[in-house]
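A quick write-up on the structure given underneath.
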Amino acid sequence: MAAKLSLKLSNKSPRQPIQKLPASIELPADATVEDAKQAVARQSGINDFNRVGLFDPETKKILKNRKALVRDEAGVVKTGELVVKDLGPQIAWRTVFVIEYFGPILFHVLVPLLRPYIYSFGSWAYKNEAETPMSKVQWLLFALFNLHFLKREYETLFVHKFSANTMPAFNIFRNSAFYWLLAGLMCSLDIYRPGSSADRNDLGLLDYVGIAIFAVCEVCNWIVHQHLASLRKPGGTERGIPNCIGSNLVTSPNYMFEVLAWVGVILISRSPAVVIFIATGTIYMRSWSRGKERALRKEFGDRYKAKRYTMLPGLI
């Protein structure tokens, strides 16, 4: 029989300790971080083991990889200790993304429906749907926005594989604000208003170029997401080296095609709201792509061909 792993347990937050945290815990030699979280939750009377955060006592960093073996965590084995914290109520990552992407769909349906009430006061040029209807370009943008976020919802439900089970439930408000307020509320109010830059019935060359860019980049983004999902087994946390369309240019080709697709929308809409939305998104994606580049270099070493640019060739 394999030897057991006996570890001391200590509270990370003395002011908000886990009241029933045992002094120590015994784990099988092959226990994973997730196994340890389940055992701590069970013995501490915590219903959802995802609330349990385990930390390395030396580095003070949370043990993120739930499938990693506890015996392979150097700081834990050296000190014979696990530092524990109650992370509070949790929500599944899949649920988070479904809620985030629902916001833009909701606003890009509601604002066109409520145009008589939204734009019927002040200096707006709205009169009625007979005299100031939605233009062809506005309806085109309605279709593009909803197609994009319906694709996102489908990928969330049936394509993406998440390395983490959950995140703190309160963070849903912070995470959703970007999509609900910028992509949803701000963009829809600007695009569908009478007299906006999208209030046009004739499509010019720039519009057709924008449609082509959007279509090609959305398809490429879909291909990249399918490839990235194939690098991880269901329920797994392993990371693979991307080898797909665009991966020879940047670390995160999915972000590259995402940004370029929105450039297509900007060419069609000429909306400052869309520019603000994607410029803000680019700031987030830049940080995520750089973090991914660091992780790939660290994990795969010489097997990974380091990239100079992480999401936009020649720029970022």
Side-chain angles (χ1 to χ4, degrees), residues 91-115 118 134-162 167 171-193 196-198 207 210-229 252-285 288-289 311:
I91 185 170
W93 269 105
R94 200 175 303 277
T95 303
V96 171
F97 282 112
V98 167
I99 293 172
E100 285 180 3
Y101 301 148
F102 176 69
I105 296 171
L106 179 66
F107 280 109
H108 282 270
V109 170
L110 285 180
V111 171
L113 286 175
L114 299 176
R115 286 179 86 238
I118 297 172
M134 288 255 292
S135 71
K136 289 181 180 179
V137 174
Q138 286 173 322
W139 279 118
L140 171 62
L141 291 164
F142 169 87
L144 297 184
F145 264 86
N146 283 291
L147 281 171
H148 175 82
F149 285 104
L150 286 171
K151 168 182 165 292
R152 286 283 197 92
E153 293 283 34
Y154 180 87
E155 290 172 336
T156 297
L157 293 171
F158 303 110
V159 177
H160 294 323
K161 296 171 185 174
F162 302 96
M167 63 174 278
N171 289 0
I172 187 65
F173 300 103
R174 180 197 65 192
N175 288 36
S176 296
F178 169 67
Y179 287 105
W180 282 62
L181 298 182
L182 298 190
L185 180 63
M186 183 179 69
C187 286
S188 62
L189 286 177
D190 184 55
I191 288 171
Y192 304 124
R193 66 179 173 83
S196 73
S197 54
D207 299 305
I211 293 170
I213 292 174
F214 177 85
V216 170
C217 291
E218 285 288 306
V219 170
C220 290
N221 178 266
W222 166 267
I223 292 171
V224 175
H225 282 162
Q226 293 285 338
H227 172 71
L228 293 177
S252 301
N254 51 324
Y255 295 157
M256 175 177 70
F257 292 122
E258 171 89 7
V259 172
L260 292 177
W262 285 109
V263 169
V265 175
I266 290 171
L267 293 178
I268 301 167
S269 67
R270 295 112 196 233
S271 166
V274 181
V275 174
I276 293 171
F277 160 61
I278 194 56
T280 305
T282 299
I283 294 172
Y284 287 111
M285 288 185 277
W288 298 332
S289 64
M311 60 175 285

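- Here the CH2-CE distance, from W139 to M134, works out to 4.0 Å after rounding to the nearest 0.5 Å.
- Counting all heavy atoms, side chain and backbone alike, V274 lies closest to F145 at CG2-CZ, 4.1 Å.
- Taking a 6.0 Å sphere around CZ of F102, one finds it holds 12 or fewer heavy atoms contributed by other residues, nucleotides or ligands.
- Proximity of W288 to S252: side-chain heavy atoms (C-beta onward) are nowhere separated by under 4.5 Å.
- Put simply, the side chain of D207 does not reach to within 4.5 Å of the side chain of L140, judged on heavy atoms.
- Looking at every heavy atom in both residues, I172 comes nearest to M167 through N-CE, 4.0 Å.
- Atom CZ of F178 and atom CD1 of I283 lie 9.5 Å apart (nearest 0.5 Å).
- Remark: the E258 side chain and the W262 side chain contain an N/O donor-acceptor pair separated by less than 3.5 Å.
- Y255 meets the side-chain hydrogen bond (donor to acceptor under 3.5 Å, both in side chains) test with no other residue; sequence neighbours excluded.
- Side chain of S269 to backbone of A198: no donor-acceptor contact under 3.5 angstrom is found.
- Contact between V111 and Y192 at its shortest, heavy atoms only, is CG1-CD1, 3.9 Å.
- To the nearest 0.5 Å, atoms CG (L144) and CD (E218) are separated by 8.5 Å.
- Between the side chain of H108 and the backbone N or O of A183, at least one donor-acceptor pair lies under 3.5 Å.
- For the atom pair L185 CG and L110 CG, the distance stands at 10.5 Å (nearest 0.5 Å).
- Between the side chain of T156 and the main chain of R94, no donor-acceptor pair closer than 3.5 Å is present.
- Applying the side chain to side chain contact (heavy atoms under 4.5 Å, CB included) rule to L260 yields the partners C217, M256; only residues at least two apart in sequence or on another chain are considered.
- Atom NZ of K161 has more than 12 neighbouring heavy atoms from other residues, nucleotides or ligands inside a 6.0 Å radius.
- Ring-plane geometry between F277 and F149 is classed as tilted, the angle between the planes lying from 30 to 60 degrees on a 0 to 90 degree scale.
- Minimum heavy-atom separation, H148 to F214: CB-CZ, 4.3 Å.
- Between F158 and Y154, the ring-plane angle classifies as tilted under the 30° and 60° cut-offs.
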Trace of the side chain to side chain contact (heavy atoms under 4.5 Å, CB included) decision for M285 with I278: CA-CA 10 Å; M285 288 185 277; I278 194 56; 4.2 Å; yes
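- Not counting sequence neighbours, the partners of K151 by the side-chain hydrogen bond (donor to acceptor under 3.5 Å, both in side chains) test are E155, N221.
- I105 contributes atom CD1, which lies 4.5 Å from atom CD of E153 (distance to the nearest 0.5 angstrom).
- Here CG of D190 is found 8.5 Å from CD1 of I276. Values are rounded to the nearest 0.5 Å.
- A273 and M186 make their closest contact through O-CE, 3.2 Å (heavy atoms, listed as atom of the first residue, atom of the second, distance).
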